[in-house]
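Heads up, the thing below is written out as structure tokens.
In the text below, chain A, chain B and the rest are named by the order of the sequence lines, each starting its count at 1.
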Protein chains: 2
Amino acid sequence: MQQMVSPAFKNCEECPIRHRAVCAKCDSDELALLEDIKYYRSFSAGQHVMWAGDQMDFVASVVSGVASLTQTMEDGRTQMVGLLLPSDFVGRPGRNIATYTVTATSDLLMCCFRRKPFEQMIDSTPHVAHRLLEMTLDELDAAREWMLVLGRKTAREKIASLLSIIARRDAALGTANPGKALTFELPLTREAMADYLGLTLETVSRQMSALKRDQIITLSGKRRITVPDMDKLLLEAGDDSDGGFLI
Amino acid sequence: MQQMVSPAFKNCEECPIRHRAVCAKCDSDELALLEDIKYYRSFSAGQHVMWAGDQMDFVASVVSGVASLTQTMEDGRTQMVGLLLPSDFVGRPGRNIATYTVTATSDLLMCCFRRKPFEQMIDSTPHVAHRLLEMTLDELDAAREWMLVLGRKTAREKIASLLSIIARRDAALGTANPGKALTFELPLTREAMADYLGLTLETVSRQMSALKRDQIITLSGKRRITVPDMDKLLLEAGDDSDGGFLI
DNA sequence: GACTGACCTTGATACAGATCAAAAAAAGGA
DNA sequence: TCCTTTTTTTGATCTGTATCAAGGTCAGTC
């Protein structure tokens with residue numbers, strides 16, 4: 001993938017479709033196009049960004065905070081199908097109806113682009129389309145990895161898998177420190193975790209307690225988690241590799 | 001999506017990345033490029049097309065038959081993460097190592113394109129990249145829909161969901177006949193179904209028997225299935241809509 | 001036509017996780 | 001600060017699916 005990043009974005013961490021901070025910092029030509037079609041929206045924890053079926057006139061990128069994509073059955077059974085962390089993209093060019101409900105699971109800042117002009121930009125700048133394809137393929141891989149978690153892992157392995165993912169993303173963005181203890185804030189309620197993992201919140205709570213008892217993790221309060229040994233956690237997750245930790 | 005199909009492929013059912021028969025029939029300019037980089041490979045039921053981790057020098061499109069993408073844990077637990085039906089595409093531009101094991105679940109014919117030239121073609125013909133993005137987004141939606149199946153549906157609902165998908169795809173390609181009984185051949189063993197659904201083959205067998213007993217389906221032999229009333233099956237699948245049946 | 005092996009079905013039992021219920025711990029709000 | 005509400009933990013019990021174990025069916029082959 002590295003070799004496919006277009007020259008325009010080579011040194012730009014704030015590419016419109018993968019920025020980590022604020023897009024305005026980026027000085028590529030394309031951003032001139034985007035400048036007047038973008039705007040920011042913030043949401044507080046628990047607020048809905050949009051509902052499945054809503055008209056969706058924009059695509060967006062997460063600047064900070066965490067959002068979830070969920071699907072709900074008629075009888076209320078809910079499954080989270082994606083977790084949007086900073087730099088993740090939401091919205092589908094060519095479709096103006098939202099397929100999933102998007103909810104802020106923590107305070108959230110999104111950078112939105114009006115859909116039509118964004119689509120035009122994609123059509124006129126092939127390398128952005130290219131970047132978007134890569135990101136979509138990455139998401140597809142993530143979704144498929146999650147299918148293994150949902151279909152074949154035990155409750156304990158599921159929890160460990162989720163904690164690994166969050167720890168990994170947190171470490172990648174912040175003070176990465178391989179081999180040392182890792183502390184991070186869980187951006188999800190027990191219920192949201194359950195919805196992601198296909199479990200009940202009681203089972204999530206029990207397994208969290210079990211991981212704590214077995215000293216795989218330490219809990220400060222209910223949300224602050226310390227992982228003394230990342231390898232142990234990955235072992236509990238049943239991963240056959242380090243899953244690209246810190247990559 | 002419809003409006004995004006490029007002019008070159010407007011009337012071409014055999015677009016290289018979405019053909020239904022044989023690509024050679026297509027007379028677009030791009031296909032001249034593809035003509036000398038493509039070749040066909042056939043596999044018999046049960047044969048492996050490639051293993052996860054293999055070097056992968058081509059991308060491919062299913063011409064006929066069915067293949068599966070699977071992921072396996074160290075201890076042997078297996079999860080199917082995708083079902084490749086005719087016109088489906090496999091392979092990722094920009095990555096030459098296969099992430100999943102690809103297996104022919106029935107006799108299979110694939111149309112392969114050498115990877116490097118294919119990537120070049122993508123770079124030089126934006127509308128193919130565009131088409132590929134659309135297809136990837138469709139796959140992502142399918143993967144996410146399957147996450148709901150894996151995470152929240154009961155065994156019976158899972159079986160009904162799988163049968164619906166196969167019936168739908170079969171109907172779309174063949175003699176569609178809404179409102180009438182639908183008969184098709186199951187291209188999967190009970191074990192493959194189990195791997196797709198995150199169940200054991202015994203549970204699959206029991207639920208198939210139950211659906212037969214309840215007259216949701218009829219079995220002729222072990223693989224030939226008749227669905228007298230598609231709506232009933234969709235009801236069993238717990239789908240809140242017709243899921244795009246015949247679309 | 002009976003032998004073989006792969007695939008499928010059915011039965012008995014075990015167990016992981018769901019469900020129902022209540023208490024404990026935080027988080028707000030007056 | 002106390003009171004209310006929400007979130008989390010823990011306990012008791014139930015249930016759907018896994019597991020273990022036979023037996024049945026069918027296609028291919030000698």
Side-chain angles (χ1 to χ4, degrees), chain A residues 44-47 73 75-79 103 105-107 149-163 185-214 217-225 236 238, chain B residues 44-47 73 75-79 103 105-107 149-163 185-214 217-225 236 238:
Chain A
S44 48
Q47 249 191 304
M73 291 172 70
D75 59 9
R77 280 177 283 177
T78 297
Q79 177 66 50
T103 311
T105 65
S106 68
D107 287 346
V149 172
L150 290 172
R152 292 304 186 191
K153 290 194 178 180
T154 63
R156 175 185 259 244
E157 289 170 331
K158 285 179 173 181
I159 300 282
S161 298
L162 177 56
L163 294 180
E185 196 80 20
L186 247 190
L188 300 169
T189 64
R190 297 289 186 264
E191 188 179 18
M193 291 174 73
D195 284 343
Y196 201 17
L197 298 166
L199 298 170
T200 58
L201 77 168
E202 293 95 329
T203 298
V204 170
S205 183
R206 272 185 249 277
Q207 295 299 335
M208 290 287 284
S209 299
L211 287 175
K212 183 179 160 190
R213 174 170 39 71
D214 300 343
I217 60 170
T218 310
L219 282 165
S220 324
K222 282 161 184 189
R223 296 291 194 89
R224 190 141 207 89
I225 293 186
E236 291 294 338
Chain B
S44 48
Q47 251 192 305
M73 291 172 70
D75 60 8
R77 279 178 282 177
T78 296
Q79 177 65 50
T103 310
T105 65
S106 69
D107 287 346
V149 173
L150 290 173
R152 293 301 186 193
K153 290 195 177 178
T154 64
R156 174 184 260 243
E157 288 170 333
K158 285 178 173 181
I159 300 282
S161 298
L162 176 56
L163 295 180
E185 194 80 19
L186 246 191
L188 299 170
T189 63
R190 298 289 187 266
E191 188 180 19
M193 292 174 71
D195 284 343
Y196 202 17
L197 298 166
L199 299 170
T200 58
L201 76 166
E202 293 96 331
T203 299
V204 170
S205 183
R206 273 185 249 275
Q207 295 299 335
M208 290 285 285
S209 301
L211 287 175
K212 182 180 161 191
R213 173 171 39 72
D214 300 344
I217 60 170
T218 311
L219 281 165
S220 325
K222 283 159 184 189
R223 298 290 196 88
R224 188 138 210 92
I225 295 187
E236 291 294 337

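- Side-chain atoms of A/L199 lie closest to C/dA18 of the nucleotides C/dC7, D/dT17, C/dA18.
- Between A/L188 and B/K222, the residue anchored nearer the 5' end of DNA chain D, judged by the nucleotide with its closest heavy atom, is A/L188.
- Between A/S209 and D/dT10 there is a side-chain N or O to OP1 or OP2 distance below 4.0 Å.
- Looking at heavy-atom distances under 4.0 Å, B/T189 makes contact with sugar-phosphate atoms alone, never a base.
- Each of D/dT19, C/dG17, C/dT19 was ranked by its minimum atom distance to the side chain of A/T154; first place goes to C/dG17.
- Residue side chain B/E191 does not reach the base of C/dC7 through any donor-acceptor N/O pair under 3.5 Å, judged by distance alone.
- As judged by a 4.0 angstrom heavy-atom cut-off over every strand, A/G198 is placed among residues touching the sugar-phosphate backbone only.
- Considering only the side chain of B/L219, C/dT9 comes nearest among C/dA18, C/dT9, D/dT8.
- Nearest to the side chain of B/R206, among D/dT19, D/dT9, C/dG17, sits D/dT19.
- Taking every side-chain heavy atom of B/E202 into account, D/dC20 is the closest of D/dC20, C/dC8, D/dT10.
- Counting any heavy atom pair closer than 4.0 Å across all strands shown, A/R156 reaches no nucleic acid atom.
- Closest to the side chain of B/T200, out of C/dT19, C/dT10, D/dT19, is D/dT19.
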